[in-house]
Amino acid sequence: MRISSTKARSIDSETGILPLINIVFLLLIFFMLAGQLSASDPLAVEPPESLSETLPEERRLTLFISDEGTMMLEDTEVALEQLGEEISGRLSQEESVDLEVKADSALESTRLVQVMSRLRQAGWNRSRF
């Protein structure tokens, strides 16, 4: 005759839940530490509504500079000597154009300074890096 113990079964069923509870608590602690709550605004402000349905078109030029100093303005290759003329031409065509300069990390800083001085000579005073 075999006698089964009910206490052994309850211990086995609890051991399956303990790792789950541990994981839930670890996730809770992780999100509490990693998450950042934004501060609420001191006043409730209703933003104005726009009369037009479309957003204004943002025009952005991108100047790529490789580690060797090769420059591409959008899809055309530009030499340092031609950069001022090219930028002046684009400035005269459109007024609200942003220039984004993307330079390689291995590019010498003297070359980047030369490019920036050419941009300033051409009349460009707003650049984003």
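In this text the structure is predicted, and so the values were computed from the model without any measurement. Side chains are part of it too, since the values below use all heavy atoms of this structure and drop only hydrogens, waters and symmetry mates.
- Taking CD of Q82 as the start and OG1 of T76 as the end, the distance is 9.0 Å to the nearest 0.5 Å.
- Counting heavy atoms from C-beta outward, L63 and L83 have side chains that approach closer than 4.5 Å.
- We find the CD1-CZ distance between I23 and F30 to be 14.5 Å, quoted to the nearest 0.5 Å.
- Residue I29 shares its hydrophobic cluster (ILVMFWY side chains chained together at separations under 4.5 Å) with L33.
- Considering all non-hydrogen atoms of both residues, D67 and A106 come closest at CB-CB, 3.8 Å.
- Here the side chain of E77 pairs no donor or acceptor atom with the backbone of T70 at under 3.5 angstrom.
- Atoms CG and CE, from L107 and M71 in turn, are 9.5 Å apart once rounded to the nearest 0.5 Å.
- The nearest pair of heavy atoms linking A103 to L112 is CB-CD1, 4.2 Å.
- Residue N22 places its CG atom among more than 12 non-hydrogen atoms of other residues, nucleotides or ligands, all under 6.0 Å distant.
- Linking Ile, Leu, Val, Met, Phe, Trp and Tyr whenever their side-chain heavy atoms come within less than 4.5 Å puts L28 and I17 in one cluster.
- Note on L26: it does not cluster hydrophobically with L20, by side-chain heavy-atom contacts below 4.5 Å among ILVMFWY residues.
- Contact check for I65 versus V101: side-chain heavy atoms found under the 4.5 Å cut-off.
- Within the 4.5 Å cutoff, side-chain heavy atoms of T62 are placed close to those of F64.
- Checked against side chain to side chain contact (heavy atoms under 4.5 Å, CB included), Q114 has the following partners two or more places apart in sequence or in another chain: L80, R111.
- Note that the CD atom of E81 and the CD atom of E86 stand 13.5 Å from one another [nearest 0.5 Å].
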